[in-house]
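Note: hydrogens, waters and symmetry copies are ignored here, and every other heavy atom, side chains too, is used. None of these values were measured; they are calculated from a predicted model. Just so it is clear: chains get the letters A, B, ... in the order the sequence lines come, proteins before strands, and each one is counted from 1.
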Protein chains: 2
Amino acid sequence: MGLAGHEVLAAVLQVRAGSLQVMLWERAREPHAHRWSLPGGGLGDDEDVETSIRRQLAEKVDVRQLSHVEQLAVFSNPARVPGLRVVATAFLGLVPSHIDPVVPSDTAWHPVDTLPSTAFDHQAICRRARSRLASKLSYTNLGFALAPPEFTISALRSLYSAALGYKVSATNLQRVLSRRGLLEPTGGTVQPGPSGGRPAALFRFVSGEMRITDPFAVLRPPSTRSLGS
Amino acid sequence: MGLAGHEVLAAVLQVRAGSLQVMLWERAREPHAHRWSLPGGGLGDDEDVETSIRRQLAEKVDVRQLSHVEQLAVFSNPARVPGLRVVATAFLGLVPSHIDPVVPSDTAWHPVDTLPSTAFDHQAICRRARSRLASKLSYTNLGFALAPPEFTISALRSLYSAALGYKVSATNLQRVLSRRGLLEPTGGTVQPGPSGGRPAALFRFVSGEMRITDPFAVLRPPSTRSLGS
DNA sequence: TCAAAAGTGTTAAGTTTACACCCATGG
DNA sequence: CCATGGGTGTAAACTTAACACTTTTGA
């Protein structure tokens, strides 16, 4: 009557080498030996699911390196793992691109577009994570979670392109994020490379907390014409 | 090590008498006797969470009356219910406005804006459900789940207004939903009331499956200028 | 003929895309 | 002075909100 194991799993995503990658570890033992799986584990008695996934990820990456964590969904197919029933709460985790976490020897990063053989239903969880990230990049300030503290617009463009899976225009990216008040110039610039070019200005995200920035695509509340800056 | 009770709960919403209401039942016994709580119960051994919530709702309302069901989130605070630990997967359920389900005697509908004293963390779940519904009305075709098979634009306007919590213009509602191809006229009309007026045309939703209709607020993929009708 | 309700026309505002053009630097 | 990025100006496209106006009916 409703008694089941409960595990928490996280698809930790990071833009690495120009592509969106997910952290996976290779199972040594059966079931699904040598297949790649998401980090996580059993829910402890005195912790909620978010506390739990943060604790378990600390074994893989320093939790301070996680710029964002959010619930994705429950995966509860009775046959999702063999043996005793285990329900999983899946999370999306993000690591900013300037960090290269030290990971255990059984753990590695894999591009989400070309996943290796994955264990259980972990591939579906990865897909869900990628999809959630792409959506939120459009209507929230979640870019902060992929980017280093300071960056050039073209660096940010690369991050967005990798996460979204298609080219983003640097011009328009800057316009949109600036209009919404998400970006501010640091005042600093970066020296051009050996082939020259104008020095790029550095920017930072104004906020490091996720916020919805494009709340209503349509059907907005009646205008109160008093919100303009 | 990760063994806990698991329950499924649903905030079933319907627009009734011009307001968005949620179905609650009054607890007879402790804990939280006489407080109102969401329908649901323990996860069965051979069912996933969605199957489970549909099964349990069948005791309250005919499942065929549910026009939409989706996961909201996991609620897992170790102290969320007294006694043995229970993790809950919360759902949003919707019932179209033309249906008046027969509910058990301990069960009643309550406006989500003026909830009675609720049990456990059920108030938070209700808020989450209302918020999810409002968001999805803007960027999906989820209106179909609130509306009867055929309806006038002004009836639809009332449904959207109740669910969103603010007045929606019938003119613009029709424009937006028609532009997106969600509505089609049935050809029928409704006779005007006793005070006269032009007969209203009847419409229906083209699809009864949830679909995202406004996928990218910004940062769209490069245009392929070949999608126009 | 008037009031009431429904539906259409039209304008204005806001946002984003696309692209031409200018800027700053290294060789 | 030219190539190479970086950044801005500007126009066009698209959508939605607001509201005036027309249509259709009952009294």
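- When heavy atoms are screened at a 4.0 angstrom cut-off, A201(A) is found touching the sugar-phosphate backbone but no base atom.
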Exercise. Where do K136(A) and E70(A) land on the side-chain contact (heavy atoms from CB on, under 4.5 Å) test, with the steps shown first?
Worked result: CA-CA 11 Å; K136(A) 290 216 164 175; E70(A) 74 177 53; 3.2 Å; yes
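- With dG7(C), dA17(D), dT24(D) as the choices, the nucleotide that has an atom nearest any side-chain atom of V176(B) turns out to be dA17(D).
- Listed nucleotides dT16(C), dA18(D), dT16(D) differ in distance to R180(B); the shortest reach to its side chain belongs to dT16(D).
- When each of P199(B) and S169(A) is assigned the nucleotide of DNA chain C with its nearest heavy atom, P199(B) is the one assigned upstream, toward the 5' end.
- Checking each of T107(A), V102(A), V103(A), V12(A) against K60(A) for a side chain to side chain contact (heavy atoms under 4.5 Å, CB included) leaves exactly one that passes, namely T107(A).
- Regarding Y166(A), its OH atom lies at a distance of 16 Å from the C1' atom of dA18(C), rounded to whole Å.
- V74(A) pairs in a side chain to side chain contact (heavy atoms under 4.5 Å, CB included) with only one of the listed residues (L72(B), V74(B), V8(B), D48(B)), which is V74(B).
- Of the candidate nucleotides dG7(C), dT10(C), dT10(D), dT10(C) has the atom nearest to the side chain of R175(B).
- Residues from residues 181-190 of chain A that place a heavy atom under 4.0 Å from any atom of DNA chain D: there are none.
- At whole-Å resolution of the value, CZ in R157(A) and C1' in dG7(D) are 14 Å apart.
- The side chain of P192(A) sits closest to dT25(C) out of dT25(C), dT25(D), dT10(D).
- In the set dT25(D), dG7(D), dG7(C), the nucleotide with an atom closest to the side chain of A200(A) is dG7(D).
- Atom NZ in K167(B) sits about 20 Å away from atom C1' in dT16(D), given to the nearest Å.
- The aromatic rings of F151(A) and F205(A) sit tilted relative to each other, their planes meeting at an angle between 30° and 60°.
- For R128(B), the CZ atom sits in a loose shell: 12 or fewer heavy atoms of surrounding residues, nucleotides or ligands are nearer than 6.0 Å.
- When distances are taken from the side chain of Q174(A) to each of dG5(D), dT8(D), dG9(C), the shortest belongs to dT8(D).
- For R179(A) and dT16(C), the shortest distance from a side-chain N or O to OP1 or OP2 is below 4.0 Å.
- To the nearest angstrom, P of dA11(D) lies 17 Å from CG of N172(A).
- Residue Q191(A) contributes atom CD, which lies 8 Å from atom P of dT25(C) at whole-angstrom precision.
- Rounded to whole Å, atom P of dA5(C) lies 19 Å from atom CG of L156(B).
- The separation between L177(B) atom CG and dG7(C) atom P is 14 Å, rounded to whole Å.
- If you check distances only, the side chain of R198(B) never reaches the base of dG26(D) with a donor-acceptor pair under 3.5 Å.
- S154(A) comes within 4.0 angstrom of the backbone, heavy atoms only, and of no base.
- Identified under the salt bridge (charged side-chain N to carboxylate O under 4.0 Å, His left out) test for residues 144-169 of chain A, with sequence neighbours left out: none.
- In this structure, the CD1 atom of I153(A) is 17 Å from the C1' atom of dA24(C), given to the nearest Å.
- Between T171(B) and dA18(D) there is no side-chain N or O to OP1 or OP2 distance below 4.0 Å.
- The shortest side-chain heavy-atom distance between D100(B) and R16(B) falls under the 4.5 Å cut-off.
- Residues F203(A) and L156(A) fail the side-chain proximity criterion, which asks for heavy atoms closer than 4.5 Å.
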